[in-house]
Enquirer: 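Got a structure for you, questions after.
Each chain gets a letter, A, B and so on, in the order the sequences are listed, and its residues count up from 1.
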2 protein chains.
Amino acid sequence: MVQQGEGGQRVRLTRDRVLEAAVALADEIGIEAVSMRRLAQEVGVVPMALYKHVANKEELLDGMVDLLVAEIDPPARDVGWKPAVRLRVLSARRALLRHPWARPVLETRVNKTPAVLDYMDSFIGMFLAGGFSVDLTHHVMHALGSRMWGFTQELFQEPAPAAAEPPPAPPPEAMAAMLGQMAALYPNVARVATASAHDDGSVVGPGCDDQFEFEFALDLLLDGFERLHAQGWSSRS
Amino acid sequence: MVQQGEGGQRVRLTRDRVLEAAVALADEIGIEAVSMRRLAQEVGVVPMALYKHVANKEELLDGMVDLLVAEIDPPARDVGWKPAVRLRVLSARRALLRHPWARPVLETRVNKTPAVLDYMDSFIGMFLAGGFSVDLTHHVMHALGSRMWGFTQELFQEPAPAAAEPPPAPPPEAMAAMLGQMAALYPNVARVATASAHDDGSVVGPGCDDQFEFEFALDLLLDGFERLHAQGWSSRS
DNA sequence: ACCTGAACACCGTTCAAGT
DNA sequence: ACCTGAACACCGTTCAAGT
């Protein structure tokens, strides 16, 4: 992984190389394992050398988000606000699924970089171009929240593989016993959890189709926005 | 802060005392400053003593969440599913606002404790009691996501006071210059951000009424749920 | 049974020094 | 201008020892 030229001479570090290496490393080993020291080792440099290119770890994470944002498609042209928003959110979601580290990182960003503000600005622009009032657009953006990035806080959230081996599944009979106990103690959870074995037909727990759930909620909101817009909704009323 | 009896004799540590101290400490200094070492100091004990009462830091955080869940009102009786859900979500939200550490902690929980499962079970029960199909209830719970806890990933999220002094505001003229630049570079963001000076009448940035935004989105979703329920919606259709 | 002390393997970041 | 080395002030957690 140490970056060297043909003859072994050092390749100069740049901010971009640092950020790209950070993204690749986070994709590979999970964000919680990415430390300044680990990243330095990855690019073949002493930890402190990184600080010539990013002020601190926060700025590193901001830069990683910028690379992510660059992967999101621009707004579709010549379609209504509704498909435009829908397509863009789903594009953001694809970028996010490619980079599982991005969700927790986005959640903790406090300063918005120009790239992030650009994304938000053009996102808001889709509603305004669709004839939404500034007032309604404001509330609609809040209602969308992190869904603008293609994710939501899920309830039954699987804890993200973290690029490590999942713990070995318990033996089938132990599993069955646990499920029985679950069903006895939390009958409603059990019914709802086992109800929809969407994609893989598995009976145990979350065989949920996350994409379906995401689009279900997204469309519910978009339909709501459409209805409010059609009836000329205003917060002063 | 060291816990001692009258004559200076030690008060025995218990799991409950550890958890309550952790909650109080997180309320006071912010969750990111709560370390096992800092908490130990708070209860007047050497760090390792805590490990007799909680297996590790994760379990400490799980226990803190349990104390939070205990503050949420039980479901209202003899009302429809809609007001019942609404009231309970808003009760959860009040608990959450009392304990700003709870949001990030909930987001990172991976194992659900019995108290959390109890809450979820009775939450799901409100929809089932209202006549929702198991199928619709499943999707509705996903759509609600973290809103069940009274929070959402906000976009313009203020970074939570962290129980520390906020940095001093820049001088007014610098502020105005920054706003002007903002408006030039990100016109849509600027329009929407300055549009609603709800509560405090401030023109600068997020004078947003978070509670209004939360209820706006919640009601949008509840209305959507109601509509789907009324029309007998099913995922197989 | 409960608490202590010393140690291990990590962090992010500083400062002064090297080339 | 860029990179290095040593150090500081932290982490969570282990192990063996004390009472």
Side-chain angles (χ1 to χ4, degrees), chain A residues 1-5 7-22 25-26 29-64 101 104-105 108-111 159 162-164, chain B residues 1-5 7-22 25-26 29-64 101 104-105 108-111 159 162-164:
Chain A
M1 302 297 173
V2 176
Q3 309 280 343
Q4 294 192 232
Q9 93 266 28
R10 279 272 172 39
V11 174
R12 264 279 227 75
L13 214 52
T14 62
R15 185 183 157 92
D16 277 350
R17 274 208 35 240
V18 169
L19 296 181
E20 276 155 27
L25 188 60
I29 68 174
I31 191 68
E32 67 291 321
V34 174
S35 65
M36 296 301 275
R37 297 167 118 104
R38 182 74 171 75
L39 176 59
Q41 174 189 319
E42 201 68 13
V43 296
V45 110
V46 94
M48 280 318 300
L50 299 176
Y51 287 83
K52 271 274 120 74
H53 303 97
V54 290
N56 48 40
K57 194 174 182 183
E58 280 292 286
E59 200 182 292
L60 177 79
L61 296 173
D62 284 342
M64 292 172 70
W101 51 263
V105 171
T108 55
R109 277 332 65 211
V110 20
N111 290 316
Chain B
M1 301 295 174
V2 177
Q3 308 281 343
Q4 295 192 231
Q9 93 265 29
R10 279 270 172 41
V11 175
R12 267 277 228 76
L13 215 50
T14 62
R15 185 182 157 92
D16 278 349
R17 274 209 34 240
V18 169
L19 296 180
E20 277 155 27
L25 187 60
I29 68 174
I31 191 67
E32 67 292 322
V34 175
S35 65
M36 296 301 274
R37 297 167 119 104
R38 182 74 173 76
L39 176 59
Q41 176 189 318
E42 201 68 12
V43 296
V45 109
V46 92
M48 280 317 300
L50 298 176
Y51 287 82
K52 271 273 120 73
H53 301 99
V54 291
N56 49 40
K57 195 174 182 183
E58 281 293 285
E59 200 182 291
L60 177 80
L61 296 173
D62 284 342
M64 293 172 68
W101 51 264
V105 171
T108 55
R109 275 335 64 210
V110 21
N111 291 315

Enquirer: Is any side-chain heavy atom of B:V18 less than 4.5 Å from a side-chain heavy atom of B:V43?
Expert: no
Enquirer: So if I take every side-chain heavy atom of B:S35 and compare against C:dC11, D:dC11, C:dT4, which nucleotide ends up nearest?
Expert: D:dC11
Enquirer: Mind checking what makes side-chain contact (heavy atoms from CB on, under 4.5 Å) contact with B:P104, not counting sequence neighbours?
Expert: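 side-chain contact (heavy atoms from CB on, under 4.5 Å) check on B:P104 returns B:I31.
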Enquirer: Send over the distance from B:I29 CD1 to D:dC10 P, rounded to a whole Å.
Expert: 13 Å
Enquirer: Which residues satisfy the side-chain hydrogen bond (donor to acceptor under 3.5 Å, both in side chains) test with B:E58, sequence neighbours excluded?
Expert: B:R109
Enquirer: Which dot-bracket string fits DNA chain D when only Watson-Crick or G-U wobble pairs with both atom distances under 3.5 Å count, crossing pairs get [ ], and | stands for a partner on a different strand?
Expert: ||.|||||...|||||.||
Enquirer: Without decimals, in angstroms, what is the distance between B:R17 CZ and C:dC2 C1'?
Expert: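 Computing the B:R17:CZ to C:dC2:C1' distance gives 14 Å.
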Enquirer: Name all residues meeting the side-chain hydrogen bond (donor to acceptor under 3.5 Å, both in side chains) criterion together with B:R38; count only those two or more places apart in sequence or in a different chain, and write none if there are none.
Expert: B:E42
Enquirer: I'd like to compare against my own output: the B/S/- annotation of nucleotides 13-19 of chain C with a strict under-4.0 Å heavy-atom distance to protein.
Expert: BBB----
Enquirer: Side chains of A:L39 and A:L60: closer than 4.5 Å at any heavy-atom pair?
Expert: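 Result yes, sub-4.5 Å side-chain heavy-atom pair found.
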Enquirer: In whole angstrom, what separates B:L50's CG from C:dA1's P?
Expert: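 For the pair B:L50 CG and C:dA1 P, the rounded distance is 20 Å.
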Enquirer: Without decimals, in angstroms, what is the distance between A:R38 CZ and C:dC11 C1'?
Expert: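 After rounding, the reported distance stands at 15 Å.
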Enquirer: List the atom of B:M36, the atom of B:V54, and the distance in Å for their closest heavy-atom pair.
Expert: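 Looking at all heavy atoms of both residues, the shortest contact is CE-CG2, 4.1 Å.
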Enquirer: Any side-chain N or O of B:H53 less than 4.0 Å from the OP1 or OP2 oxygen of C:dC3?
Expert: yes
Enquirer: In chain order, what residues pass the side-chain hydrogen bond (donor to acceptor under 3.5 Å, both in side chains) check against A:R15, with sequence neighbours excluded?
Expert: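 side-chain hydrogen bond (donor to acceptor under 3.5 Å, both in side chains) list for A:R15, sorted by chain: A:E59.
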Enquirer: Evaluate the side-chain proximity of A:K52 to A:L13: yes if any heavy-atom separation is below 4.5 Å, no if none is.
Expert: no
